[in-house]
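Reviewing the structure listed below.
Reckoned from all heavy atoms, side chains included, excluding hydrogens, waters and symmetry mates.
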Amino acid sequence: MKWSQFFIQTLREAPSDAEVVSHQLMVRAGFIRKVAAGIYNYLPLGLRVLRKIEDIIREEMNAAGATEVLLPIIMPRELWDQSGRWKVYGKELLRLKDRHERDYCVGPTHEEAITSLVAGELRSYRQLPLNLYQIQTKFRDEIRPRFGLMRGREFIMKDAYSFDVSEEKAMETYRQMEKAYRRIFDRCGLQYRSVEALSGAIGGNVSHEFQVLASSGEDEILSCDHCDYAANADKAQVRSEAQGQKTSELLVCEKVTTPQKTSVEEVAQFLNLKPYHLVKTLIYVLEQDQSAVAVLIRGDHEVSEGKLQSLLNGATMQLADEKTVQKVTGGPCGYSGPIGLKGISLYADESVRSMKNFVVGANEAEVHWVNANLDRDFKVERFADLRRVQKGDSCPRCEKGRYQSHRGIEVGQVFYLGTKYSTPMGVRFLDENGKEKTAFMGCYGIGVGRTAAAAIEQNHDEHGIIWPLPMAPFSVEILSLHKGEDEVLREAQKIYEKLTEKGIDVLIDDRNESPGVKFKDADLIGIPWVIIIGAKSLARQEVEIKERRTGQKQTLSVKMVVDKIVEVLNA
RNA sequence: CGGGGCGUAGCGCAGCCUGGUAGCGCACUUGCUUGGGGUGCAAGGGGUCGUGGGUUCAAAUCCCACCGCUCCGACCA
């Protein structure tokens, strides 16, 4: 490709709204341009990167036995009513009406569409296993889109959906997909970790995320420093350590005045106790029907909203505001407690189960109960692991390990779904005994644009992007340092043609620009290998090749350069 | 949703406080110049000053409303 024909617009300065390097560099180097918050144009260079990533994904998905389809962007409400997610999904689901006032949504994910398609066609176990995928534009109306392609509203995603005859077979497929994902990200040349994860609004109970390690990552991932357990901080399991019981005897529960003491710290200090003698009561409001739930957790712990979401079957929720707290508990913020709470579900973290004689709010201003006890004073509807683990906490899987914290960019996630969608949407078939069965599903996503962004976060320097070869828009850039129509340009074009004939993606900078401009732009757009052709060296029948990543240059004879490039690209 | 900031040429910004009809750098056009790390010089083109309303002889500038963008926060009771 000739630069002069390719529509590459580079910028000296990054737009002021670009915060993270991948965003700044993608804009500066002319890969993307913003259209609206979280919505971008992909320019030719950007598109080529997306296509490279997509090609790798296609090859590995096909190799793993999946088949490509293309599902609609816009879907009718009925589809989402069948799965129940029209109500559950929340504001991220962009809803719209057609001219007949019928409800539609823009697909944030396609379980409904695929399940409905397969439900209509599946008759026999002979048609299984089935694994269908697509690479499609999705839309999620994020609260706060930012970081360019890393958290856009419109984005390109590869999503795959598998159907199997049994849970065992489905788990086999799941593991196979997990392997395919490893191959994909290995091939992309990224440093990543596969970590255990929650399934959020998608549902299901087994899930792994593929996290590209980068300090700018939005997710916290915790890994054991001793064994190979690693998980998203939202999901990371807890090793229970009972503490805080001075005595097992149940003491008399009584009210105490705690003037102006609303935080755990303040109350603990005031009562001369440790934070772990307290139990916090958090009121959450479900987005779907605005109903409230109360969550109990030990004073020194924090709630994992991800774990809570799993407990609530994927429903999205938010911490209640002051007004709601007042309405639900009868008392102001800071004094909520489980005793006497009526009309709402009461959940508690496992660590509360073993606590005795603890402190809780009394649902009235400036009053707490001391020596509160489970069952005697109030009843918990359900105990669950609801605590957010922190760096330094003990690993639940091995004896010695402690959690280390890293930042990660989630580029892919695999889910085992079971029959969550196949049951309500009627994905059934007859087994070899003629008995009707429901298919077991899995689903598997990869953010294509986000993978590109993550690659830049991990591979750049002060001059620009350093693309890993497999996803680079071009493998080689030829810098022709010519003046006008001279011998340098002609020689550069010859080399360009030879490389192109060999099927190599080559970009030739044939502009009438000064050398400095070309060097700067080459570093910015980050093509892995650069061939530099100038008048002086050409007079000696020599050219230079330079590796973007290391900056190392070597001088070669004009005759050898094509072979050398082929060699380094295959290395 | 709450709070802050911003909205002036394609991009980055100044001008606003103290009203008098818009400027700088980059980019772009033309000419010359230069030619291995964003060459230099000169001459140009380009702006409903986010939108609407108000105050005023006069508004980018002051006031009000709205819209958009952006950052932070989103409550641990």
For nucleotides [N] and [M], find the distance between their [atom1] atoms and express it as a whole number of Å.
N      : M      : atom1 : value
B/rA58 : B/rC66 : C1'   : 25 Å
B/rG35 : B/rC17 : P     : 50 Å
B/rG37 : B/rG73 : P     : 44 Å
B/rG12 : B/rC69 : P     : 15 Å
B/rC24 : B/rC41 : P     : 15 Å
B/rC62 : B/rA43 : C1'   : 39 Å
B/rC57 : B/rA14 : P     : 32 Å

For [X] and [N], is the shortest distance between a side-chain N/O and OP1 or OP2 below 4.0 Å?
X        : N      : answer
A/Lys34  : B/rG68 : no
A/Ser514 : B/rG38 : no
A/Arg12  : B/rA27 : yes

- [ ] Using the test salt bridge (charged side-chain N to carboxylate O under 4.0 Å, His left out), find all partners of A/Asp17 that sit at least two apart in sequence or belong to another chain.
- [x] A/Lys34
Open item on the list: Checking A/Glu220 now: which residues fulfil salt bridge (charged side-chain N to carboxylate O under 4.0 Å, His left out) with it, not counting sequence neighbours?
Closed with: A/Arg388
- [ ] Indicate yes or no: does A/Lys494 engage A/Glu497 in a salt bridge with an N to O separation below 4.0 Å.
- [x] no
TODO: Would you please name every residue forming a side-chain contact (heavy atoms from CB on, under 4.5 Å) with A/Asp385, sequence neighbours left out?
DONE: A/Val238, A/Lys307, A/Asp349, A/Arg387
Quick one: look up who [N] pairs with, Watson-Crick or G-U, both distances under 3.5 Å, and put none if it's unpaired.
N      : result
B/rA42 : B/rU30
B/rG19 : none
B/rC66 : B/rG50
B/rC1  : B/rG73
B/rC24 : B/rG12

TODO: Over all heavy atoms of both residues, which pair between A/Ala455 and A/Trp467 is shortest? Give the atoms and the distance, please.
DONE: CB-CZ3, 4.2 Å
Contact class for [X] (heavy atom, under 4.0 Å): base, sugar-phosphate, or nothing?
X        : value
A/Val325 : base
A/Gly534 : base
A/Glu19  : sugar-phosphate
A/Lys518 : nothing
A/Arg388 : nothing
A/Ser263 : sugar-phosphate
A/Ile283 : base

Gap between atoms [atom1] and [atom2], on [X] and [N] respectively (whole Å):
X        : N      : atom1 : atom2 : result
A/Tyr335 : B/rC75 : OH    : P     : 19 Å
A/Ile39  : B/rC69 : CD1   : P     : 9 Å
A/Phe519 : B/rG38 : CZ    : P     : 10 Å
A/Arg548 : B/rG37 : CZ    : C1'   : 13 Å
A/Asn512 : B/rU39 : CG    : P     : 14 Å
A/Arg28  : B/rG38 : CZ    : P     : 14 Å
A/Gln318 : B/rG73 : CD    : P     : 16 Å
A/Lys483 : B/rU33 : NZ    : P     : 12 Å

Open item on the list: Does either side chain, that of A/Thr555 or that of A/Glu542, offer a donor lying less than 3.5 Å from an acceptor on the other one?
Closed with: no
Task: Heavy-atom side-chain proximity of A/Asn459 to A/Ile465 below 4.5 angstrom - done: no
Open item on the list: Does A/Lys546 contact B/rG37 through a side-chain donor or acceptor facing the base, at a distance under 3.5 Å?
Closed with: yes
Task: Set of residues satisfying ring pair (Phe, Tyr, Trp, His ring centres under 6.0 Å) with respect to A/Tyr335, sequence neighbours excluded - done: A/His368
Task: ring pair (Phe, Tyr, Trp, His ring centres under 6.0 Å) against A/Phe519, all qualifying residues, sequence neighbours excluded - done: none
- [ ] Would you mind telling me which residue lines up with the more 5' stretch of RNA chain B, A/Phe147 or A/Ile297, judged by nearest nucleotide?
- [x] A/Phe147
Open item on the list: I'd like to know if the side chain of A/Lys518 reaches the main chain of A/Arg511, judged simply by a donor and an acceptor atom lying under 3.5 Å from each other, with no hydrogens or angles considered.
Closed with: yes
TODO: Indicate for each nucleotide in nucleotides 8-15 of chain B, in 5' to 3' sequence, whether protein heavy atoms under 4.0 Å reach the base (B), only the sugar-phosphate (S), or nothing (-).
DONE: ---SSS--
Open item on the list: Side chain of A/Lys520 only, heavy atoms from C-beta on: which candidate in B/rC76, B/rG38, B/rG35 is closest?
Closed with: B/rG38
Open item on the list: Side chain of A/Arg146 only, heavy atoms from C-beta on: which candidate in B/rC76, B/rC71, B/rU39 is closest?
Closed with: B/rC71
